[in-house]
Student: 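Have a look at this one before I ask anything.
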Amino acid sequence: MSSKPLNTATVAVTILDKEYRVACSEEEQTGLQASAKLLNERMARIRNSGSVIGGERIAVMAALNIAHELIQAKAELARQPVEEQMIERLHEKVQAALSKFDES
């Protein structure tokens, strides 16, 4: 028995002028294509800069850059609740100060 979902499709993506066929669920096709487009753009930018030579090295540099951005985005998301709490407390203090000012 196959472990693949019944709605699996094969999607062709092109990265640095090379076509890859990737199996994924139908629901994931759009995300896969967007991911391949992002990777292709990043790898092309690195290749065109001339600072990195070789497909494997270009792929590693692109992967490191994308992973770094992901880690930064996760850290930013983790900071948001703290910042929102700080804003809420500041708002409460401002409201309390305005209430005291109105009472005078």
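Please read these numbers as outputs of a predicted model, since none were measured by experiment. Along the sequence shown, residues carry numbers from 1.
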Student: Verify side chain to side chain contact (heavy atoms under 4.5 Å, CB included) between Val52 and Arg47, making sure each step is shown before the conclusion.
Tutor: CA-CA 6 Å; Val52 179; Arg47 178 188 62 193; over 6 Å; no
Student: Would you indicate whether the side-chain heavy atoms of Ile66 and Leu39 approach each other to under 4.5 Å?
Tutor: yes
Student: Do Glu69 and Arg42 come close enough that some side-chain heavy atom pair is under 4.5 Å?
Tutor: yes
Student: Nearest 0.5 Å, please: how far is CD in Glu92 from CD1 in Ile87?
Tutor: 12.5 Å
Student: Mark yes when over 12 heavy atoms from residues, nucleotides or ligands other than Glu56 sit less than 6.0 Å from its CD; otherwise mark no.
Tutor: no
Student: Less than 4.5 Å apart, side chain to side chain, heavy atoms only: is that true for Glu88 and Gln85?
Tutor: no
Student: For atom CG of Leu64, decide whether the heavy atoms of other residues, nucleotides or ligands shown that lie under 6.0 angstrom number more than 12.
Tutor: yes
Student: So, for Gln29 and Ala9, which heavy atoms are closest and what is the spacing to 0.1 Å?
Tutor: NE2-CB, 3.1 Å
Student: Does any donor atom in the side chain of Gln33 or Thr30 lie under 3.5 Å from an acceptor atom in the other side chain?
Tutor: no
Student: Do Ile46 and Tyr20 belong to the same hydrophobic cluster, where Ile, Leu, Val, Met, Phe, Trp and Tyr are linked whenever their side-chain heavy atoms lie under 4.5 Å apart, directly or via other members?
Tutor: yes
Student: Hey, are the side chains of Arg21 and Val11 touching, using non-hydrogen atoms and a 4.5 Å cut-off?
Tutor: no
Student: Would you find a donor on one side and an acceptor on the other, under 3.5 Å apart, between the side chain of Asn40 and the backbone of Leu16?
Tutor: yes
